[in-house]
Student: 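What follows is a structure written as structure tokens; I'll ask about it next.
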Amino acid sequence: MKEFNDAMTMPDRIEKTANGSILQYGKLNNRIYLMKLAVQDTESIIPRMNQLADMQNYSKIFCKIPSSAYPLFLAEGYRMEGYIPAFYNGKEDAFFVSKFPNDQGRASVPVPRLQQLHRLLSDMATGNQQAIDKASYTIRKLGQRDIPAMTRIYSDIFKSYPFPIYDPEYISEMMDEHVQYFGAFKDGKLAALSSSEIDREAQNAEMTDFATHTSHMGNKLSMLLLRHMEHEMRQQGICTLYTIARLQSVPMNKTFIRTGFTYSGTLLNNTNIDGKTESMNLYYKRLEKI
């Protein structure tokens with residue numbers, strides 16, 4: 001594993017309960033993230049997170065939960081920041097809820113960025129499809145042999161990231177579990193990459209981990225990768241795609257809007273990425289079954 005000298009750059013811990021709930025927490029993002037809630041943990045997980053927040057003085061608790069669990073979270077002071085309809089098996093909605101137990105300043109609203117997002121959504125409301133020159137690049141699924149090139153790009157692009165994507169052992173482990181990585185190649189060299197983090201039980205997948213080598217920026221490779229991943233996920237029976245995109249990244253927001261994703265909320269000051277805490281936008285897209 002990669003060695004870390006600064007506690008603030010150390011990857012956050014991922015913990016799985018006996019029932020299957022998944023928590024991520026640590027000082028890098030200074031938050032608790034309930035990534036997955038098992039129904040058996042619905043009542044017990046809230047005091048567990050409260051205890052963690054009190055012990056470590058985390059400034060945000062962020063949760064992805066089924067809509068049926070929201071009344072309990074609402075009663076504990078959580079508020080909804082976004083949602084995805086029919087997220088679980090094409091039936092139950094997902095609510096993205098949060099509270100700021102020890103740092104209300106983190107709940108501050110980034111007004112200029114949200115005004116910019118409003119203009120972007122208004123100008124691109126049709127979600128028009130853009131033509132891309134595919135001839136120069138080839139897309140394929142990435143495997144273990146590609147990991148060195150993958151981690152080099154991630155390390156070059158991001159000063160920090162919510163998950164240790166620059167760690168070869170982490171990438172290898174994710175490949176063996178539930179994450180599929182895809183790359184765009186030119187002249188046999190990796191130019192850009194992204195991933196689909198799949199929850200087969202719930203039939204959804206997160207489109208994430210986009211990165212483009214600096215020498216290939218401006219070629220709409222994120223859009224090319226996204227369209228390829230959408231095709232792959234449809235072939236694999238996935239019903240819902242979603243992403244958590246950086247509010248301040250206009251190109252990434254354009255990528256999802258132009259490929260037909262729907263904006264459904266902003267997660268305030270949520271994620272440490274590229275060296276600072278940023279607000280994130282939530283987008284989703286329903287896939288028709290083939």
Side-chain angles (χ1 to χ4, degrees), residues 2 9 11 113 116-117 120 124 127-168 170-172 174-175 179-198 205-233 241-261 263 270-276 278-283 285:
K2 188 174 182 178
T9 61
R113 292 294 184 184
Q116 181 184 49
L117 175 63
L120 181 64
M124 304 179 67
N128 58 304
Q129 299 283 323
Q130 280 204 341
I132 304 175
D133 178 14
K134 301 179 181 179
S136 301
Y137 294 89
T138 58
I139 306 291
R140 67 166 171 82
K141 187 176 179 180
L142 300 175
Q144 296 286 337
R145 73 180 188 276
D146 299 302
I147 290 177
M150 296 167 63
T151 55
R152 279 196 297 272
I153 290 180
Y154 283 139
S155 296
D156 289 344
I157 296 300
F158 297 109
K159 295 177 183 177
S160 64
Y161 203 77
F163 297 91
I165 55 174
Y166 37 73
D167 186 332
Y170 173 81
I171 296 290
S172 178
M174 293 300 100
M175 280 185 179
V179 180
Q180 296 179 15
Y181 293 88
F182 298 87
F185 289 81
K186 186 172 185 178
D187 300 326
K189 293 184 179 181
L190 185 63
L193 70 159
S194 59
S195 74
S196 297
E197 186 170 342
I198 303 169
E206 181 178 3
M207 307 287 97
T208 187
D209 301 336
F210 289 84
T212 300
H213 191 278
T214 53
S215 62
H216 294 274
M217 289 181 176
N219 294 312
K220 298 184 176 64
L221 296 184
S222 292
M223 189 177 293
L224 187 62
L225 285 163
L226 181 57
R227 289 180 180 173
H228 183 89
M229 290 195 298
E230 179 179 330
H231 172 77
E232 288 288 332
M233 294 303 101
L241 306 181
Y242 73 103
T243 194
I244 300 175
R246 301 165 70 182
L247 171 63
Q248 70 176 36
S249 175
V250 172
M252 282 309 304
N253 283 269
K254 284 183 176 180
T255 293
F256 286 99
I257 296 169
R258 284 172 172 165
T259 49
F261 280 68
Y263 165 77
N270 192 78
T271 304
N272 187 314
I273 188 166
D274 204 20
K276 59 186 179 299
E278 297 188 14
S279 296
M280 311 293 284
N281 289 332
L282 185 64
Y283 293 91
K285 184 175 186 177

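Along the sequence shown, residues are numbered consecutively beginning with 1.
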Student: From the options H228, H231, R227, select the one residue that forms a side chain to side chain contact (heavy atoms under 4.5 Å, CB included) with I139.
Tutor: H228
Student: Atom CE of M280 and atom CG of N253: how far apart are they, to the nearest 0.5 Å?
Tutor: 9.5 Å
Student: When you measure from the side chain of S160 to the backbone N and O of D274, does any donor-acceptor pair fall under 3.5 Å?
Tutor: yes
Student: How long is the straight-line distance from CD1 of I257 back to NZ of K254, given to the nearest 0.5 Å?
Tutor: 9.0 Å
Student: Consider only side-chain N and O atoms of E278 and Q248, and report whether a donor and an acceptor are under 3.5 Å apart.
Tutor: yes
Student: Distance from H216 atom NE2 to S136 atom OG, nearest 0.5 Å?
Tutor: 10.5 Å
Student: Sequence neighbours left out, what passes salt bridge (Lys or Arg N to Asp or Glu O under 4.0 Å) with D146? Give chain and number order.
Tutor: R140
Student: Give, for atom CG of L193 and atom OH of Y181, the distance between the pair rounded to the nearest 0.5 Å.
Tutor: 8.5 Å
Student: If the plane angle is over 60° it's perpendicular, under 30° parallel, otherwise tilted; pick one for F163 and Y170.
Tutor: parallel
Student: What are the two closest non-hydrogen atoms of S195 and D209, and how far apart are they?
Tutor: OG-OD2, 2.9 Å
Student: Could you check I273 against F158 for side chain to side chain contact (heavy atoms under 4.5 Å, CB included), going step by step and ending with a plain yes or no?
Tutor: CA-CA 7 Å; I273 188 166; F158 297 109; 4.1 Å; yes
Student: Can you name the nearest heavy-atom pair linking I153 to A211, along with the distance?
Tutor: CG2-CB, 3.9 Å
Student: Closest approach of A205 and M233, non-hydrogen atoms and distance?
Tutor: CB-SD, 3.9 Å
Student: Is it the case that the side chain of Y166 and the backbone of Y161 share a donor-acceptor pair, with hydrogens and angles ignored and the cut-off at 3.5 Å?
Tutor: no
Student: Do any N or O atoms from the side chain of K285 and from the backbone of E230 form a donor-acceptor pair under 3.5 angstrom?
Tutor: no
Student: So, the side chain of S172 versus the backbone of P168: is there a donor-acceptor pair under 3.5 Å, distance only?
Tutor: no
Student: Show the numbers, then the answer: is there a side chain to side chain contact (heavy atoms under 4.5 Å, CB included) between I171 and I165?
Tutor: CA-CA 6 Å; I171 296 290; I165 55 174; 4.3 Å; yes
Student: With rounding to the nearest 0.5 Å, note down the distance linking CD in Q180 to CG in L142.
Tutor: 10.5 Å
Student: What pairs with R152 under salt bridge (Lys or Arg N to Asp or Glu O under 4.0 Å), at least two apart in sequence or on another chain?
Tutor: none
Student: With rounding to the nearest 0.5 Å, note down the distance linking CD1 in I244 to CE in M207.
Tutor: 12.0 Å
Student: Extract all donor-acceptor atom pairs below 3.5 Å that involve side chains of residues 183-192 and protein atoms in other chains or at least two apart in sequence.
Tutor:
none

Student: For M229 versus F182, what's the shortest heavy-atom pair and its separation?
Tutor: CG-CD1, 3.5 Å
Student: Side chain to side chain contact (heavy atoms under 4.5 Å, CB included) for S196 and E206? Distances and angles first, verdict last.
Tutor: CA-CA 6 Å; S196 297; E206 181 178 3; over 6 Å; no
Student: To check you understand the geometry: which heavy-atom pair defines the closest contact between M217 and T212, and what is its length?
Tutor: CE-O, 3.4 Å
Student: Where does the angle between the aromatic ring planes of F256 and Y283 fall among parallel (under 30°), tilted (30 to 60°) and perpendicular (over 60°)?
Tutor: parallel
Student: Could you check L117 against L247 for side chain to side chain contact (heavy atoms under 4.5 Å, CB included), going step by step and ending with a plain yes or no?
Tutor: CA-CA 8 Å; L117 175 63; L247 171 63; 4.1 Å; yes
